[in-house]
Amino acid sequence: MFGFLMLCLLLHVAFKPLNIIKDKDLSGYYSVPANLEWNLEDYFSGKYQDSSEKYINYQYGLFPGFTRIHHQIEYSFFNRIHVKDVHIGQNGYLYRYCVGCITTRTFDSLNLEKYLNKYLVIQDSLKACGKNMVWLIAPDKNIVFSEYLPLALKHDAEVYSYYWTLQKAFKRKGIEFIDFNELAFREKNKYPYEVFNKGGVHWTNAYATRCFDSLSVYLSLKTNIKIKNTISLKKVENPWGPDIDMEEAANLLLPLQQDKLFLADMISESNSKSKKLLLIGDSFAHSWTWTKYFTNCFHPKSKFLYYNREVNTLENTFIRNVDHKNTRKTSSEFDTFIIIFNAANAEYLDYGFVDDLYK
Amino acid sequence: MVFSSTLFLFYFLPLFLILYYLSPAKFKNHILLLASIVFYSWGGPIFIFVILATTALDYILVKQIEKSDSQKRKKTFLYISLSVNLGILFAFKYLYFFTDNIDQLLGTAGIAPIGMNKLILPIGLSFFTFESLTYVIDVYRGHYKSLNSFRNYLTYILMFPKLIAGPIIPYNKIGWQIESERKTTAEMRLSGFLRFIFGLSKKVLIANVLGETVEELYKLEPGNIDTVAAWAMSIGYTMQLYFDFSGYSDMAIGICKMIGISIPENFNFPYISKSITEFWRRWHISLGNWMRNYLYIPLGGSKGSVSRTYLNLWLVFIISGFWHGAGWNFILWGAFNGLFLMIERLFLNKYLKGNLSFIYTFFIVNIGWVLFRNEDMSVSLMIYQKMFSFNFIDVHSIDVRFVFVLICALFFSFSGMFKSFYQSTQNDELFFVESKWRLNCLFAFSVVLFVLSSSYLLGQDFNPFIYFRF
């Protein structure tokens, strides 16, 4: 018995450094503490010991396994989750972005008015040049599945919050925009798939595909861009990683109970392959860039400005950082502008793109 | 390096045990000493020189005490040793406290302060100073002979299982074990390991979990603390402290047992005590014994007048409080306990015979720990005020995990009342020989506890972001 316990203490060696037993690495983004090189000064100050102990924790062979056991116990028995900024709602739904979405804060009305006026000027100017600009609001789980929000976070945010104010302001100013929250809210129970998976921050691949098709219809109706899509849905056992990103980062032993797991496949026919698209958006646009939905419809030199910070290809390959001083010049080569931000990011509007262009 | 760390648990301990078991009997003390030096140097690389120097000096002085024929000479060496040991303790632990208080007084009189920086306290200083004193005093009193080699004495002082947080082992309880050729049986090794796992679980699964919530509650604005939160803070801390300290002692006892050394118990279900007097016989027993043998009795104990006895008692408790930390709160806490001991002696003891007397003890101890926890007296007063204001608001949320662990902690703390169970578990031989089935259950339970403890040790701080950035 004692020998068995000693073996338990030494089992980790079989994982690391011997690599006889393999274990999956932990998911989510985290940085491994640096392994300081030994020197007398750090050693006597205790800095070396502190950093080594932290480093050893991450190098310890059973670290992933024990962490998963811990996280599962905490989740199953104590309703606690160990991912930054993630909350556990009811019925197993996980939530993030709660601060951005469920807030009693909102825009300064004067600043919002200024922004909308600038947007209208730019939209009209582009229209006069035969170009298009479309504002899309990606759905947010806090809004679409507000019924499962943790009790502590439930309150009547509709009156305030950046998203609701922006939505009302768009309508008041007569600015055309597509709000996928409304669509999701209306139709969330009609689909065979989920709009959001229990463990996902972002819209599911299936719903994002549905929304892309909706965008295609809008563009076909309102512009000279014609896109026709053929969508097929496939029920799957293991969802696409981004569909359960919170769940993956939670590093649980057991998957969250989830039915209706689907993956979509879409073939597009487009008359706009010669048109250059400039997509400005947040991580919700990834569901369309990683799947190459835009790539199949627009010119290969189209670009994606991630948070208006990074210039990427439409397939999400980083090119360079955004040059905010020359936005007008660099944007002139594009024919279509699509702005897409999640409702929780409404506070930041388009992350300064319209301002840059207006200057 | 603390016992509840990956480095200790999965690298240092197994390596030490393997080397220890594989080495011939005559080298076992060498391995133990080497491991202890490595262990201490890791946490206090500078202070290892302090401890080595004082240990060497004590060793020489004690040899001189033993050799000396004249009582005067013996006394001189004793005083030199006491001065050096207590002087170092004072310099590192208490000097800043005194200068800080003097500075405050000077400040009120408009005089420039002395101005002194706080010194870093060498790890385990309070513990090994007291142990050194037992060695010097025991040999001086002629109760025991000195150790026959400096290496053995160094091993006694530096022995890593008890170095950081005790128990404070008097020289007479361990000196002979260090000098003798120790043999460990399979039963000793196993029961030691199981004891270690229980200690680790107490620390990691109970104390750390309770401590996390207590810490969060202490961060609340006073306006957000109501009676429920205040009681959760105080009882949570009461349990945290017990499971932390007793867990550490269990781990120390367990490691010692694994290497064939028997060290005294440090806790015996203190919260089931029927009086504060009894509580101090069950809480930090090794300190209580030290205080009795090396302070209370030399002060005259209870042999003098009644008032002198009370004064001795109170003095011992104030010093005991001050030993725990250099702060007024510790002195107050000591005085608070001493006061109840006096009251009990005066008249209360006769009323504390019933089975429910433990409620009184628990209540008083719990109140005392609030003082112990907070250096700032105003915080303690605020907690007391909230505890007894019976004001209930709904702005804080005490999570399920805290409640669950607190219930478990209370259950284990009071389970000492059910003597039949513990009577059989505390006697190792009886336990191992007579009940194979029970051993198997205990073993399986220990493995589960080990996995849970390791998980909590490693997983608690792992909170990744979902992506590199959103």
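Here the structure is a predicted model, which is why all the values come from computation and not from measurement. Chain letters run A, B, ... following the sequence lines, proteins first and then strands; every chain starts at 1.
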Original post:
chain A heavy atoms under 4.5 Å from B/L13: which part of the residue, side chain, backbone, both or neither?
Top reply: side chain
Original post:
Would B/K28 count as a cation-pi partner of B/Y20, with NZ or CZ less than 6.0 Å from the six-membered ring centre and within 45° of the ring normal?
Top reply: yes
Name the atoms and distances for all side-chain donor-acceptor pairs under 3.5 Å in residues 11-19 of chain A, with sequence neighbours left out.
| residue | atom | partner | partner atom | Å |
| --- | --- | --- | --- | --- |
| A/H12 | NE2 | A/L9 | O | 3.3 |
| A/H12 | NE2 | B/F10 | O | 2.9 |

Subject >> Derivation and outcome, side chain to side chain contact (heavy atoms under 4.5 Å, CB included), residues B/L9 and B/S4 >> reply: CA-CA 7 Å; B/L9 191 57; B/S4 52; over 6 Å; no
**OP:** Check each atom of B/S454 against the heavy atoms of chain A and say whether the ones under 4.5 Å are side chain, backbone, both or neither.
**Re:** both
Subject >> Between B/L17, B/I46, B/V400, B/L15, the one whose heavy-atom pairs under 4.5 Å with chain A are most numerous >> reply: B/I46
Subject >> Atom group of B/V451 that falls short of 4.5 Å from chain A, counting heavy atoms >> reply: both
Subject >> Those residues that, when tested against A/D350, pass side chain to side chain contact (heavy atoms under 4.5 Å, CB included) (two or more places apart) >> reply: A/Y115, A/W135, A/I339, A/F341, A/F353, A/V354
**OP:** Check for a donor-acceptor pair, side chain of A/D243 on one end and backbone N or O of A/N205 on the other, with a separation under 3.5 Å.
**Re:** yes
Subject >> Residue part contacting chain B, namely of A/E248, when any heavy atom lies under 4.5 Å >> reply: neither
**OP:** Pick one of side chain, backbone, both or neither for A/R68, based on which atoms fall under 4.5 Å of a heavy atom in chain B.
**Re:** neither
Original post:
Step by step, would you call B/D250 with B/K202 a side chain to side chain contact (heavy atoms under 4.5 Å, CB included)?
Top reply: CA-CA 9 Å; B/D250 286 340; B/K202 281 162 93 174; 2.6 Å; yes
Original post:
Given the rule in the side chain to side chain contact (heavy atoms under 4.5 Å, CB included) test, do A/L252 and A/L254 qualify, once you have shown the distances and angles that lead to the verdict?
Top reply: CA-CA 6 Å; A/L252 302 172; A/L254 309 168; 5.8 Å; no
Original post:
Are the charged groups of B/R401 and A/E74 less than 4.0 angstrom apart, N to O?
Top reply: yes
Subject >> Segment of A/S52 engaging chain B (4.5 angstrom heavy-atom cut-off) >> reply: side chain
Original post:
Among A/F44, A/Y30, A/Y48, which residue forms the greatest number of heavy-atom pairs with chain B at distances under 4.5 Å?
Top reply: A/F44
Original post:
Most heavy-atom pairs under 4.5 angstrom with chain B, which of A/L62, A/L10, A/L26?
Top reply: A/L26
Original post:
Measuring heavy-atom distances to chain A, does B/F404 have an atom under 4.5 Å in its side chain, in its backbone, in both, or in neither?
Top reply: side chain
**OP:** Against chain B, work out which of A/T67, A/L5, A/I69, A/V83 has the most heavy-atom pairs shorter than 4.5 Å and name it.
**Re:** A/L5
Original post:
Is A/K47 atom NZ crowded by more than 12 heavy atoms from other residues, nucleotides or ligands, each under 6.0 Å away?
Top reply: no
**OP:** Between chain A and each of B/P45, B/S41, B/G192, count heavy-atom pairs under 4.5 Å; write down the option with the most.
**Re:** B/P45
**OP:** Identify which part of B/F450 has an atom lying under 4.5 Å from any heavy atom of chain A, answering side chain, backbone, both or neither.
**Re:** side chain
Original post:
B/F47 versus chain A, heavy atoms under 4.5 Å apart: side chain, backbone, both or neither?
Top reply: neither
Original post:
Tell me, side chain or backbone of A/N251 under 4.5 Å from chain B's heavy atoms, or both, or neither?
Top reply: side chain
**OP:** Answer yes or no: is there a donor N or O on one side and an acceptor on the other, between the side chain of A/T204 and the main chain of A/E194, under 3.5 Å?
**Re:** yes
